[in-house]
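As structure tokens, the structure follows; a few thoughts come after it.
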Amino acid sequence: MTFTLATWNINSVRLREPIVQQLMQAEAPDVLCLQETKSPVDKIPLDGFAELGYRHIVARGQKGYNGVAILSRLPIEEVASEDFASLGHARHIAGRLENGVTIHNFYVPAGGDKPDREVNEKFGQKLDYLTEMRDYFAATPPEKSILVGDLNIAPREDDVWDHKKLLKIVSHTPIEVEHLAAVQEAGNWVDVTRKDITEGKLYSWWSYRAKDWDAADKGRRLDHVWATQDIAGSAHSSRVLRAARGWEKPSDHAPVFATFDL
DNA sequence: ATGGTAGTGGAACTA
């Protein structure tokens, strides 16, 4: 059985209902994981998604901020939702497909502007969130699992437009990269995107603030697809749909895809 | 060092 999965920080699922449908029609991933839905679950516009074949959903939401959803053409059953770092935020949902694969969908805290937990509480919360993710996967090692989402960290030098310039910028600081590596190690996660696309600059996010995001190309790879060792070898065809960053009323993130043969 | 844009919700917060 082959299925394709996409992850996309949508920055309001209600405002961007049209381009979510555009992605469904143009690319038709079997499973679409969204972050920053910024909507209570009961106000997500599901009818149009269902008409396009996405009849199954597991989600967490809140008013105005955060929010994660898995929209699926395949039946999916909710299996977990954790409040790491006890923030009271809707940042995690996990579901299981009928083939036994578990999908974790995360929206990791962005962490504020200053990379110093002494002066910026949000940065401390981000590190704590990652530490609790690590402990969660260390306590119960995942199997046949996929982890996706906006992890708000670009770990590699070629995941950012300028490594040296971003070393003190939140999302690319060494301490964040170390915390993310600890999560990856605890769960035996393989970075599927970088298993497939081993070399070269690769981004999934471009700031709204750039005059011309495409020409400036000052991007970062904040959105990730990971899989446990037991199924990572079946993954292929990873890609970032950069074109979606240029669609009508775009998100500042582009969707990231991977296909699994299981 | 600063300010640049976008979403929610109708000011101030978050990213």
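In what follows, chains are A, B, ... by sequence order, proteins preceding strands, each numbered from 1.
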> Out of curiosity, A:Leu130 CG to A:Phe106 CZ, how far, rounded to the nearest 0.5 Å?
Replying inline: 9.5 Å
>> Pair A:Lys144, A:Leu262 - check side-chain contact (heavy atoms from CB on, under 4.5 Å), show working.
In response: CA-CA 10 Å; A:Lys144 283 187 74 176; A:Leu262 291 168; 5.7 Å; no
> To the nearest Å, how far apart are A:Glu17 CD and B:dG7 P?
Replying inline: 15 Å
> Atom CZ of A:Arg245 and atom P of B:dT5: how far apart are they, to the nearest Å?
Replying inline: 13 Å
> Over how many whole Å does the gap from A:Leu15 atom CG to B:dT5 atom C1' extend?
Replying inline: 14 Å
> Taking atom types as modelled, is there a side-chain donor on A:Ser171 or A:Glu176 under 3.5 Å from an acceptor on the other?
Replying inline: no
> Phosphate oxygens OP1/OP2 of B:dT8: is one of them under 4.0 Å from a side-chain N or O of A:Lys63?
Replying inline: no
> How far does the P atom of B:dA1 sit from the matching atom of B:dG7, given to the nearest Å?
Replying inline: 30 Å
> On DNA chain B, nearest-nucleotide positions of A:Tyr65 versus A:Lys249: which is more 5'?
Replying inline: A:Lys249
> Is there a side-chain contact (heavy atoms from CB on, under 4.5 Å) between A:Thr259 and A:Asp261 once you walk through the steps?
Replying inline: CA-CA 7 Å; A:Thr259 299; A:Asp261 296 336; 4.3 Å; yes
> Could you state the NZ-P distance from A:Lys38 to B:dT14, rounded to the nearest angstrom?
Replying inline: 12 Å
> Mind checking whether A:Trp189 and A:Trp226 have parallel, tilted or perpendicular rings, split at 30° and 60°?
Replying inline: tilted
> Over how many whole Å does the gap from A:Gln62 atom CD to B:dA15 atom P extend?
Replying inline: 10 Å
>> Aromatic contact between A:Tyr129 and A:His89, with the criterion being ring centroids under 6.0 Å apart: yes or no?
In response: no
Report all interatomic pairs (protein N or O, nucleotide N or O of nucleotides 1-4 of chain B) with separations under 3.5 Å.
residue, atom, partner, partner atom, Å
B:dG4, O6, A:Arg209, NH1, 3.2
B:dG4, N1, A:Arg209, NH1, 3.0

> So, is A:Ser12 close to the B:dA6 phosphate, meaning a side-chain N or O under 4.0 Å from OP1 or OP2?
Replying inline: no
> Between B:dT14 and B:dG9, how far is it from one C1' atom to the other, in whole Å?
Replying inline: 13 Å
> Rounded to the Å, how far apart are A:Asn11 CG and B:dT8 C1'?
Replying inline: 10 Å
> With nearest nucleotides of DNA chain B determined for A:Gly64 and A:Ala110 from heavy-atom distances, which residue corresponds to the more 5′ nucleotide?
Replying inline: A:Gly64
>> Students often get this wrong, so: under 4.0 angstrom with heavy atoms, is A:Arg16 touching a base, only sugar-phosphate, or nothing?
In response: sugar-phosphate
> Nearest-Å distance, CG (A:Leu222) to P (B:dA15)?
Replying inline: 13 Å
>> Using a 4.0 Å heavy-atom cut-off, does A:Arg91 contact any base of the nucleic acid, only the sugar-phosphate backbone, or nothing at all?
In response: sugar-phosphate
> In whole angstroms, how far is the P atom of B:dA6 from the NE2 atom of A:His253?
Replying inline: 14 Å
>> Say we look at B:dA6 and B:dT2: how far apart would their P atoms be, to the nearest angstrom?
In response: 23 Å
> Relative to the ring of A:His92, is the ring of A:Phe84 parallel (under 30°), tilted (30 to 60°) or perpendicular (over 60°)?
Replying inline: tilted
